[in-house]
2 protein chains.
Amino acid sequence: MSPRKSVAEARRTRERIVEHAIAVASVEGLEGLTIGRLATDLGMSKAGVLGHFGTKEALQLATLDEASAIFARTVWGRAQHEEPGLPRLRAVCDAWIAYVETEREVFPGGCLFTTAAVEFDARSGPVRDAVARMYRVWRRRLAGEVRVAADCGDLPAGTDPDQIAYELTGLYMAFNQDIQLFADPAAAERARRALARLLGQDLTR
Amino acid sequence: MSPRKSVAEARRTRERIVEHAIAVASVEGLEGLTIGRLATDLGMSKAGVLGHFGTKEALQLATLDEASAIFARTVWGRAQHEEPGLPRLRAVCDAWIAYVETEREVFPGGCLFTTAAVEFDARSGPVRDAVARMYRVWRRRLAGEVRVAADCGDLPAGTDPDQIAYELTGLYMAFNQDIQLFADPAAAERARRALARLLGQDLTR
DNA sequence: CCTACCGATCGGTAGG
DNA sequence: CCTACCGATCGGTAGG
């Protein structure tokens, strides 16, 4: 019997649980996510699932954390090599559109953050706090990139970074809705047009 | 014993249930809404609550219907006397901002439609269908008002009504989030500025 | 509108 | 990681 292998296997099991929890939560919400459902889907016992986290709340936080890592990797990571300012901002927004459009296997019910934000925005507790913190970080990063773009003249002088970050957030919420609620094939096109108005992006490229 | 009075009382009880269901659902969601919770809050038995609707799904649909009536009355109703086109569109958007800001007693957890849309956008069934239908109607009305405004020259000639309606939806989703998740006092100001950009609205009036 | 009840499922624990 | 179990609550029904 090898303790090392056992530890590695346990970690792998935990990863499997979280990965599936993300998929379930994107459809049912973080509250609709249940231990029993996860156990059945993964062919485990409820105690086996819960043992990795202790409480449902800890499972929710772990699910949120991993979703956050995927989002950062997919959207922000892809734009990291671009120059700070408008080039990187455009790359981020393009990656964001692709993320909402193509990550349907990871998030079959759409962006988990949109779901979690609306689900917990009227509650209190650690999950709500985690969601709010993630949104704040994301908005601050967006606004920072807008600021650099404005400072170097790529965006108009009077540009308000927080305002643009706010409008970008709304743009992607509506985009997510067009895809999830209406399954509208024109959704991405509309999102890109809104983006063009906001950032003066070249539509023809 | 008066059958008429009894019927009227039953209707009044039903209205009380729906009114409270709206408040609870705006915080907990339409799935988080439970018969037992309603019964306790209203000092009734579960059977007494459920008897008015038959099933939880029927209760959810009744709650959604009443919320829709309130929304239509508060947002669209207030602008009805304005001239079709940009004047009415502006009045609708102003009323919409006021609605999100001030209807906190009716919707303590924020706009029920935002919550319901995200909660059901990845599911199937009558509730999802009802939510989608309501959003479609609302978007079509908005787009119609934009079209009139563009036709009579109050908005630029190339204006795409569906595009504007899409961007307006996103604007209000982000606005709702700023209020609910961040309790940001600058939320309304930001929403008005986004509106100004979108509709060329005069900010000084 | 009530009491009394149903089977199913919830999050979680004990003990191994 | 499992089985076996806990009290609480879920939506819903029977009968009045």
Side-chain angles (χ1 to χ4, degrees), chain A residues 1-21 24-25 27-64 116 119-120 123-128, chain B residues 1-21 24-25 27-64 116 119-120 123-128:
Chain A
M1 147 183 143
S2 157
R4 274 194 221 153
K5 189 185 171 191
S6 177
V7 167
E9 278 177 345
R11 198 178 51 188
R12 181 69 198 115
T13 300
R14 195 192 138 106
E15 283 167 6
R16 273 182 63 230
I17 296 171
V18 171
E19 190 187 349
H20 190 62
V24 173
V27 174
E28 314 282 353
L30 279 169
E31 278 295 324
L33 180 70
T34 70
I35 319 286
R37 160 78 188 271
L38 283 179
T40 303
D41 289 356
L42 296 168
M44 296 172 63
S45 66
K46 289 197 325 180
V49 170
L50 198 57
H52 286 274
F53 308 95
T55 65
K56 176 174 179 175
E57 188 176 273
L59 166 65
Q60 291 174 320
L61 290 170
T63 303
L64 216 43
E119 194 178 7
F120 285 90
R123 307 184 188 196
S124 57
V127 179
R128 179 223 157 88
Chain B
M1 149 182 137
S2 158
R4 275 195 221 157
K5 189 184 173 188
S6 176
V7 167
E9 277 178 344
R11 198 178 51 186
R12 180 70 198 115
T13 301
R14 195 194 138 107
E15 285 168 5
R16 273 182 63 230
I17 297 172
V18 171
E19 189 185 350
H20 190 62
V24 173
V27 174
E28 314 282 353
L30 279 169
E31 279 297 323
L33 180 70
T34 70
I35 319 285
R37 161 78 187 272
L38 282 179
T40 304
D41 289 357
L42 296 168
M44 296 174 62
S45 66
K46 290 197 323 179
V49 171
L50 198 58
H52 286 274
F53 307 95
T55 65
K56 175 173 178 175
E57 188 175 275
L59 165 64
Q60 291 173 320
L61 290 170
T63 304
L64 216 42
E119 193 178 9
F120 285 90
R123 308 185 187 194
S124 58
V127 180
R128 178 221 157 90

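These values consider heavy atoms only, across backbone and side chains, with no hydrogens, waters or symmetry-generated copies. Protein chains get the first letters and strands the later ones, always in sequence-line order, with residue 1 at the start of each.
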Pairing of DNA chain C as dot-bracket, 5' to 3': ( ) intra-strand, [ ] crossing, | other strand, . unpaired, with Watson-Crick or G-U pairs under 3.5 Å? ||||||||||||||||
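- When heavy atoms are screened at a 4.0 angstrom cut-off, B:L33 is found touching the sugar-phosphate backbone but no base atom.
- Spacing between atom CG of A:L42 and atom P of D:dC2 amounts to 10 Å, rounded to whole angstrom units.
- If you measure from atom CD of A:E28 to atom P of C:dT9, you get 14 Å, rounded to the nearest angstrom.
- Minimum heavy-atom separation, B:V127 to B:E57: CG2-CG, 3.9 Å.
- Atom P of nucleotide C:dT3 and atom CE of B:M44 are separated by 11 Å, given to the nearest angstrom.
- Taking every heavy atom of both residues into account, A:F53 and A:A62 meet most closely at CE2-CB, 3.9 Å.
- Going from atom CG of B:L61 over to atom P of D:dG11 covers 15 Å, rounded to whole Å.
- Between the NE2 atom in B:H52 and the CD1 atom in B:I17 there is a gap of 4.5 Å [rounded to 0.5 Å].
- Rounded to whole Å, the distance from CD1 on B:I17 to P on D:dG11 is 14 Å.
- Atoms NE2 (B:H52) and P (D:dG11) sit 17 Å apart, rounded to a whole Å.
- Residues in residues 28-45 of chain A take part in these side-chain hydrogen bond (donor to acceptor under 3.5 Å, both in side chains) pairs, two or more places apart or across chains: A:H20-A:D41, A:E31-A:Q60, A:R37-A:D41.
- Across all non-hydrogen atoms, the minimal contact from A:L30 to A:E119 is N-OE1, 2.8 Å.
- Taking 4.0 angstrom as the limit, B:T34 places a side-chain polar atom (N or O) nearer than this to OP1 or OP2 of D:dC10.
- If you measure from atom CD of A:E9 to atom P of D:dC2, you get 13 Å, rounded to the nearest angstrom.
- When the side-chain contact (heavy atoms from CB on, under 4.5 Å) test is applied to A:A21, the partners found at least two apart in sequence or on another chain are A:L33, A:L38, A:L59, A:T63.
- Scored by the side chain to side chain donor-acceptor pair (under 3.5 Å) test, B:E15 finds B:R12 as partners (sequence neighbours excluded).
- The nearest whole Å value for the distance from the CZ atom in A:R16 to the P atom in D:dC1 is 8 Å.
- Across every non-hydrogen atom of A:V27 and B:R123, the tightest pair is O-NE, 3.8 Å.
- Across B:A39 and B:V49, no two heavy atoms sit closer than the pair CA-CG2, 3.8 Å.
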Which atom pairs link the protein and nucleotides 12-14 of chain D when you take only N or O atoms and keep those under 3.5 Å?
unit_1 : atom_1 : unit_2 : atom_2 : d
D:dG12 : OP2    : B:K56  : N      : 2.5

